[in-house]
Amino acid sequence: MHTPSLQSDFDRRLLGEAYLQACKSLKEGGIPIGAALMNLGGEIVASGHNMRVQSGDPTAHAETVCIRNAGRRRDWHTLTLASTLSPCAMCTGTAILHRIPRVLIGEHRTFMGREDWLKAEGVEVVQMDDSRCIELMEQFIAHKPELWNEDIGVPPSEA
């Protein structure tokens, strides 16, 4: 796992694109989570943001939207996926299914996804611990806890 001092410009640029997508979702009234895919040449090949609220689709998480936006391809095994938040089980499974070898995670303080599963499958997980991503999610959760609990599947009786 990389430490912040070892994060490359490639990593920071890719996470920056994911962060812009998270901000876009927030402006649309959605959950502020973004994702982006980059190839080895440094080209961002797709991006996306959580569209669950906007579309009414419970599977429209940022990572799945991003991967859907990438379309049909044969180079998944060469791409890096960045997400502003630790990927849930569904998004982790999608990354594993497509054999994406490297995943950058903006933060996992507000939500710990299935990083353990990514690592068990041999995926390189880079925890960025990005202050922008942390602040964005902390503010969102504080202001819209009911929407956040809905997004992560917490029943109203357990909230």
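Just so we're clear, the structure is a prediction, and the values are computed from it rather than from any experiment.
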Salt-bridge contact [X]-[Y] (side-chain N to carboxylate O under 4.0 Å):
X: Arg52; Y: Asp57; result: no
X: Arg12; Y: Asp130; result: no
X: Lys119; Y: Asp116; result: no

So which atom in [X] and which in [Y] form the shortest heavy-atom distance, rounded to 0.1 Å?
X: Ala70; Y: Trp76; answer: CB-CH2, 3.6 Å
X: Cys91; Y: His61; answer: SG-CB, 3.4 Å
X: Leu15; Y: Ser83; answer: CD1-O, 3.9 Å
X: Ser47; Y: Cys66; answer: CA-SG, 3.7 Å
X: Gly34; Y: Ala22; answer: N-CB, 3.5 Å
X: Leu118; Y: Ala95; answer: CD2-CB, 4.4 Å

Determine whether [X] and [Y] make a side-chain contact, defined as any pair of heavy atoms from C-beta on separated by less than 4.5 Å.
X: Ile134; Y: Glu138; answer: yes
X: Leu37; Y: Ile44; answer: no
X: Ser25; Y: Gln54; answer: yes
X: Thr80; Y: Phe10; answer: yes
X: Leu79; Y: Arg102; answer: no
X: Trp117; Y: Val123; answer: no
X: Lys144; Y: Trp148; answer: no
X: Glu107; Y: Met128; answer: no

Indicate, with yes or no, if [Y] and [X] share a hydrophobic cluster defined by side-chain heavy-atom contacts under 4.5 Å among Ile, Leu, Val, Met, Phe, Trp and Tyr.
X: Met51; Y: Ile33; result: no
X: Val65; Y: Leu81; result: no
X: Met137; Y: Val154; result: yes

Point to revise | Enclosure of Arg73 CZ (heavy-atom neighbours >12, cutoff 6.0 Å) | key: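 Enclosed.
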Exercise for review: Under the side chain to side chain contact (heavy atoms under 4.5 Å, CB included) rule, what do Leu20 and Cys23 come out as? Steps first, then yes or no, please.
Suggested key: CA-CA 5 Å; Leu20 291 175; Cys23 293; 5.7 Å; no
Review point. Can you tell which of His108, Glu115, Gln127 makes a side chain to side chain donor-acceptor pair (under 3.5 Å) with Ser86?
Key: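 By the side chain to side chain donor-acceptor pair (under 3.5 Å) criterion, Ser86 pairs with just one of His108, Glu115, Gln127: Glu115.
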Nearest 0.5 angstrom please: [X] [atom1] to [Y] [atom2], how far?
X: Thr84; Y: Glu17; atom1: OG1; atom2: CD; value: 11.5 Å
X: Cys133; Y: Arg109; atom1: SG; atom2: CZ; value: 11.0 Å
X: Phe140; Y: Ile31; atom1: CZ; atom2: CD1; value: 3.5 Å
X: Asn69; Y: Gln21; atom1: CG; atom2: CD; value: 8.0 Å
X: Leu14; Y: Glu43; atom1: CG; atom2: CD; value: 12.0 Å
X: Glu121; Y: Leu97; atom1: CD; atom2: CG; value: 11.0 Å

Practice item. Mark yes or no for whether Arg13, through its side chain, and Gly42, through its backbone, hold a donor-acceptor pair below 3.5 Å. Key: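 Confirmed, Arg13 side chain pairs with Gly42 backbone.
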Exercise for review: Decide yes or no on side chain to side chain contact (heavy atoms under 4.5 Å, CB included) for Ile67 and His98, but give the supporting numbers first.
Suggested key: CA-CA 9 Å; Ile67 289 169; His98 288 85; 4.2 Å; yes
Exercise for review: Kindly indicate, with the supporting measurements, whether the criterion side chain to side chain contact (heavy atoms under 4.5 Å, CB included) is fulfilled by Ile105 and Leu85.
Suggested key: CA-CA 6 Å; Ile105 297 171; Leu85 186 65; over 6 Å; no
